[in-house]
Amino acid sequence: MAPSLDDESSLFNFVVRDGNGVKGIVDSGISKLDGPEHDEVANQIVRAAETLGFFQVVNHGVPIQLLDTLKQTAHNFFGLPAERKAVYRKEVSPSPLVKYGTSFVPEKEKALEWKDYISMAYTNENEALQQWPMECRDVALQYLKTSHEMVKKLLDALMANLGVELDDSNIDAFIGKKMVNMNFYPTFGVGRHSDMGTLTILLQDGIGGLYVKVPEDIDMEKKGEWVEIPPIPGALVINIGDMLQIWSNGRYKSAEHRVRTTSTKSRVSIPIFTSPQATQKVAPLPQVVEKDGMAHYREFLFSDYMNSFFGNAHDGKKSLDFAKVNFS
């Protein structure tokens with residue numbers, strides 16, 4: 001059983017163990033959301049979203065063998081000859097769903113991020129099978145499909161805390177767009193940023209090097225410091241994204257994170273990004289604004305947020321400035 005998480009100090013003490021950095025919160029397993037311990041596990045998820053903006057989950061329903069296959073598939077893909085990967089470069093890719101590249105916005109970054117990635121957007125299964133790279137499409141698609149129920153359970157717990165019931169009629173407003181990436185870091189990593197979407201599900205390998213920044217504005221040990229998320233075998237890392245921070249009117253915190261690996265071995269990670277569709281309007285939920293008395297973010301189209309996010313160099317959580325309401 002987890003200790004009481006009634007204050008930020010006890011929460012941080014719970015997730016930091018023996019100086020090894022930030023540990024997973026939902027140790028008991030996401031599957032317990034289906035049983036008598038639902039409220040306790042849901043409370044752990046909510047507390048993590050309100051403070052650190054991330055947690056790790058086990059017993060999540062995604063087969064461990066699949067996770068191992070994913071990591072090996074990523075290494076195999078990035079080990080292909082350059083000409084095999086180059087056909088998916090943004091400028092020449094045969095499919096609008098697939099993009100191979102380096103860094104977020106290489107033309108804007110002050111220093112290129114030491115990362116290659118293949119990005120596979122999901123529209124439907126048939127298009128994925130036809131257009132995603134054959135070297136990784138089957139395992140990436142299985143990863144996306146088997147994680148979907150977990151994502152729904154996590155989002156349901158987070159939305160219920162905000163007074164919103166999640167069902168088939170409104171779930172697409174929050175996670176209607178999905179994308180699987182495979183990232184390859186030769187030795188270094190990527191700079192500080194938050195994810196722009198709703199929830200990110202991340203599989204990291206055993207190399208480590210993923211760091212999350214403890215927010216300055218919460219009463220926690222190590223606030224303002226970077227703490228490592230040590231890899232836990234079989235676990236998935238969950239990041240709160242910018243859209244969830246906005247919908248919650250700032251109650252939930254998108255996780256500022258970076259990759260800094262000092263290992264001589266190359267590192268891979270495989271995230272699933274969930275977000276609204278480009279045409280979706282986003283604004284703080286009325287149920288939350290009513291309780292808070294004011295909205296801290298304005299309404300906007302998600303496509304406009306994406307254009308701002310990818311049109312500027314990444315610098316921590318400054319991407320959220322696009323939507324903030326400035327009070328005089």
I'd like to check [X] versus [Y] (side-chain heavy atoms, cut-off strictly below 4.5 Å). Are they in contact?
X	Y	answer
F54	I240	no
M182	L70	yes
P231	D205	no
S269	L210	no
L158	L244	yes
L129	D138	yes
S248	P284	no
F310	M196	yes

| task | Check the side chains of K317 and S254 for a donor-acceptor pair under 3.5 angstrom, ignoring hydrogens and angles. | result | yes

For [X] and [Y], which heavy atoms make the closest approach, and how far apart are they?
X	Y	answer
D242	S319	OD2-OG, 3.0 Å
A255	L52	CB-O, 4.0 Å
V289	A295	CG1-N, 3.9 Å
Q204	I229	NE2-O, 3.1 Å
P133	M120	CD-SD, 3.9 Å
A42	L33	N-CD2, 3.8 Å

With hydrophobic residues grouped by side-chain heavy-atom distances under 4.5 Å, do [X] and [Y] end up in a single group?
X	Y	answer
F273	F322	no
L320	M306	yes
L166	V288	yes
V46	L285	yes
I171	L162	yes

Would you say [X]'s side chain and [Y]'s backbone share a donor-acceptor pair under 3.5 angstrom?
X	Y	value
N124	N126	yes
W132	A121	yes
K253	G250	yes
S119	K99	no
Q280	L301	no
N249	P286	no
N312	S308	yes

| query | Does the pair N183 and V268 meet the rule for a side chain to side chain contact (heavy atoms under 4.5 Å, CB included), with working shown? | reply | CA-CA 5 Å; N183 299 325; V268 295; over 6 Å; no

| Between R267 and Y185, is NZ or CZ placed under 6.0 angstrom from the six-membered ring centre and within 45° of the ring axis? | yes

| message | Working note: K115 + V259, criterion side chain to side chain contact (heavy atoms under 4.5 Å, CB included); need CA distance, chi angles, decisive distance, verdict. | response | CA-CA 10 Å; K115 177 188 78 171; V259 176; over 6 Å; no

| said: Would you say the rings of F174 and W247 are close, in the sense that their centroids are separated by under 6.0 Å? | reply: yes

| query | With a 6.0 Å cut-off on ring centres, are F184 and F78 close enough? | reply | yes

| message | Pair E125, K145 - check salt bridge (charged side-chain N to carboxylate O under 4.0 Å, His left out), show working. | response | CA-CA 9 Å; E125 186 166 351; K145 290 165 63 177; 3.3 Å; yes

A quick test of your reading: do over 12 heavy atoms of other residues, nucleotides or ligands sit less than 6.0 Å from [atom1] of [X]?
X	atom1	value
D167	CG	yes
Q65	CD	no
E83	CD	yes

| task | Could you walk me through whether R251 and D292 pass the salt bridge (charged side-chain N to carboxylate O under 4.0 Å, His left out) test, one step at a time? | result | CA-CA 10 Å; R251 293 190 189 187; D292 294 348; 3.0 Å; yes

| request: Output, in order, the C-alpha distance, side-chain angles, deciding distance and verdict of side chain to side chain contact (heavy atoms under 4.5 Å, CB included) for L66 and T146. | output: CA-CA 10 Å; L66 173 60; T146 55; 3.6 Å; yes

Any ion pair linking [Y] and [X] (charged N to carboxylate O, less than 4.0 Å)?
X	Y	value
R84	E135	yes
D34	K153	yes
K85	D116	no
R192	E256	yes

| message | With side chain to side chain contact (heavy atoms under 4.5 Å, CB included) as the criterion, how do L154 and V151 come out once you've worked through the C-alpha distance, each side chain's angles and the decisive distance to 0.1 Å? | response | CA-CA 5 Å; L154 293 172; V151 173; 5.6 Å; no

| said: Does D68 form a side chain to side chain donor-acceptor pair (under 3.5 Å) with Q72? I'd like the steps, not just the answer. | reply: CA-CA 6 Å; D68 291 338; Q72 187 57 55; over 6 Å; no

Inter-residue atom distance [X].[atom1] - [Y].[atom2], 0.5 Å rounding:
X	Y	atom1	atom2	result
T274	I201	OG1	CD1	5.0 Å
L236	N59	CG	CG	11.0 Å
T73	I270	OG1	CD1	8.0 Å
Q44	F55	CD	CZ	10.0 Å
N43	R47	CG	CZ	7.0 Å
Q142	S147	CD	OG	10.5 Å

| request: Assess whether side chain to side chain donor-acceptor pair (under 3.5 Å) is satisfied between Y297 and Q245, documenting all intermediate values. | output: CA-CA 10 Å; Y297 303 93; Q245 178 164 331; 3.0 Å; yes

